[in-house]
Protein chains: 2
Amino acid sequence: MAEGDVDSRERLIEGTRELLWDRGYVGTSPTAILRRSGVGQGSMYHHFQGKADLVLAAEQRSAERMQRQVRETFAGAGSAYQRIRGYLLRERDVLRGCSVGRLIADPEIMADERLREPIRETFAVLHECLASVVREGQAAGEFDARLDAERTASTLAAVIQGGYALARAEGSAEPFERAIQGALELLRLAMPAAE
Amino acid sequence: MAEGDVDSRERLIEGTRELLWDRGYVGTSPTAILRRSGVGQGSMYHHFQGKADLVLAAEQRSAERMQRQVRETFAGAGSAYQRIRGYLLRERDVLRGCSVGRLIADPEIMADERLREPIRETFAVLHECLASVVREGQAAGEFDARLDAERTASTLAAVIQGGYALARAEGSAEPFERAIQGALELLRLAMPAAE
DNA sequence: GTCTATACGGCGATAGAC
DNA sequence: GTCTATCGCCGTATAGAC
């Protein structure tokens with residue numbers, strides 16, 4: 001690849017990423033991508049085979065970024081509860097929602113195995129990180145041993161994704177914050193030593 | 001209105017409802033609506049001003065239906081926990097998701113105050129029902145008094161909406177079931193008498 | 001009320017010059 | 001590598017007959 005390549009390719013991917021995040025697959029047109037990326041049509045069809053191909057690259061970029069963020073958060077220091085709390089309270093653009101989660105509403109993405117894969121993988125990573133930290137917390141006597149780590153992990157991941165939905169429905173970040181705080185309260189009540 | 005009216009209008013609304021549910025606003029075209037409803041273009045523009053108008057009617061139908069279901073569930077008999085459990089475990093087409101929640105991903109709907117209103121209202125009703133039943137449960141000594149009912153309600157609503165997302169990401173209902181079961185486990189651990 | 005015909009714009013892609 | 005020109009199709013809406 002020569003010099004100019006990287007710039008155009010890169011800008012196309014980032015532009016697509018943004019548009020997908022806000023408008024999903026069907027709502028994102030090649031024309032809009034070109035406008036936002038500031039490149040011409042020729043560039044796009046040189047670097048990518050078509051819309052689906054470019055979207056896949058953009059998805060992989062979002063997936064990669066979210067997976068890195070997740071792993072970093074859970075690899076950090078602190079008790080199990082502190083790490084969970086850290087992830088739940090991480091700074092977020094609540095009304096915009098999750099750049100990866102947004103995509104699973106789209107039927108065109110759901111219908112294509114390849115386009116669904118980065119999303120599936122990302123949530124698998126999140127689930128594994130959450131389940132691990134819950135198990136650690138149980139081993140350390142921090143969480144009630146009766147909790148099922150897999151289930152708790154799914155609950156926590158769902159609270160985040162669902163929190164975005166509630167926030168958008170109300171046009172305010174408050175429902176999201178309430179959902180997160182509520183989950184943390186429930187979790188604290190499942191900590192035997194915490195009283 | 002004369003005889004035939006009701007049928008055409010009705011079929012248009014139901015057809016639109018189904019398509020919105022599966023494909024959202026941008027993914028739903030008038031042409032597709034006509035095909036699914038089995039009525040002609042003339043009918044559609046006779047009964048409705050255009051796409052947005054028809055979509056609004058379909059949204060109101062979905063909203064009304066979900067609100068009724070919610071109120072019925074929470075008006076039923078049983079302890080607070082039992083009613084929450086009943087709602088969370090209600091039969092659902094998990095991979096299809098929520099007919100109302102699906103819409104809040106769509107930027108065109110978010111941008112239009114009128115199109116957003118039925119969604120906002122529906123989640124407000126759900127939230128109020130959930131918060132009420134949590135408060136009742138606390139008054140009855142069923143749930144830990146330290147829980148914040150508003151937060152807990154948001155958490156529970158989020159688990160459902162987010163559960164759909166996780167399920168679709170994995171292409172299986174299991175993550176949804178886990179998330180729901182996990183929420184119920186956490187709730188049970190917040191029941192002092194329940195040991 | 002419902003139909004068919006028609007309009008205009010934008011989508012997604014291709015062609016071929018430079 | 002990137003550009004402009006062009007394509008065929010469909011989305012959304014209107015017109016006007018019946």
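Values reported hereafter were calculated over all heavy atoms of this structure, with side chains retained and with hydrogens, waters and symmetry mates removed. Because the structure is a prediction, the values reported are computed rather than measured. We name chains A, B, ... by the order of the sequence lines, and we start the count at 1 in each one.
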note = In whole angstroms, the gap separating C1' of dT12(D) from CD of Gln41(B) amounts to 8 Å
message = Does a side-chain N or O of Ser43(A) approach OP1 or OP2 of dG1(D) to a distance below 4.0 Å, or not?
response = no
inquiry  = In this structure, how many angstroms lie between the P atom of dG1(C) and the CG atom of Leu34(B), rounded?
reply    = 18 Å
ask   = Quick one: Arg11(B) CZ to dT2(C) P, roughly how many Å, whole number?
value = 10 Å
ask   = If you check the Ser8(B) side chain, which of dT2(D), dT2(C), dG12(C) turns out closest?
value = dT2(C)
key: Integer-rounded Å distance: dG1(C) P and Arg9(B) CZ   = 12 Å
ask   = What's the OH-P distance between Tyr45(B) and dT12(D), to the nearest Å?
value = 8 Å
inquiry  = For a quick test of reading the model: is some side-chain N or O of Thr31(B) closer than 4.0 Å to OP1 or OP2 of dC10(D)?
reply    = no
query = Quick one: which of Gln67(A), Arg102(A), Arg17(A), Glu18(A) gives a side-chain hydrogen bond (donor to acceptor under 3.5 Å, both in side chains) with Ser62(A)?
reply = Arg17(A)
request  = Please report, rounded to the nearest Å, how far the P atom of dG1(D) is from the CD atom of Glu10(A).
outcome  = 16 Å
task = Answer yes or no: is there a side-chain heavy-atom contact under 4.5 Å between Lys51(B) and Tyr25(B)?
result = yes
request  = Fit a plane to each ring of Tyr87(B) and Phe74(B), take the angle between them on a 0 to 90° scale, and name the class: parallel (under 30°), tilted (30 to 60°) or perpendicular (over 60°).
outcome  = tilted
request  = Describe the nucleic acid contact of Ser29(B) in one word from base, sugar-phosphate, nothing, applying a heavy-atom distance below 4.0 Å.
outcome  = sugar-phosphate
query = Which residue, Gly42(A) or Val26(A), contacts DNA chain C at a nucleotide closer to its 5' end, judged by nearest heavy atom?
reply = Val26(A)
query = Say you draw a straight line from CE of Met110(B) to CD of Glu113(B); how long is it, rounded to the nearest 0.5 Å?
reply = 9.5 Å
query = Got a donor-acceptor contact below 3.5 angstrom from the Glu177(A) side chain to the Glu174(A) backbone?
reply = no
task = May I ask you to evaluate whether His46(A) reaches the phosphate of dC3(D), defined as a side-chain N or O under 4.0 Å from OP1 or OP2?
result = no
message = Distance check needed: dG1(C) P versus Leu12(B) CG, whole Å only.
response = 14 Å
key: Integer-rounded Å distance: dT14(D) P and Met44(B) CE   = 11 Å
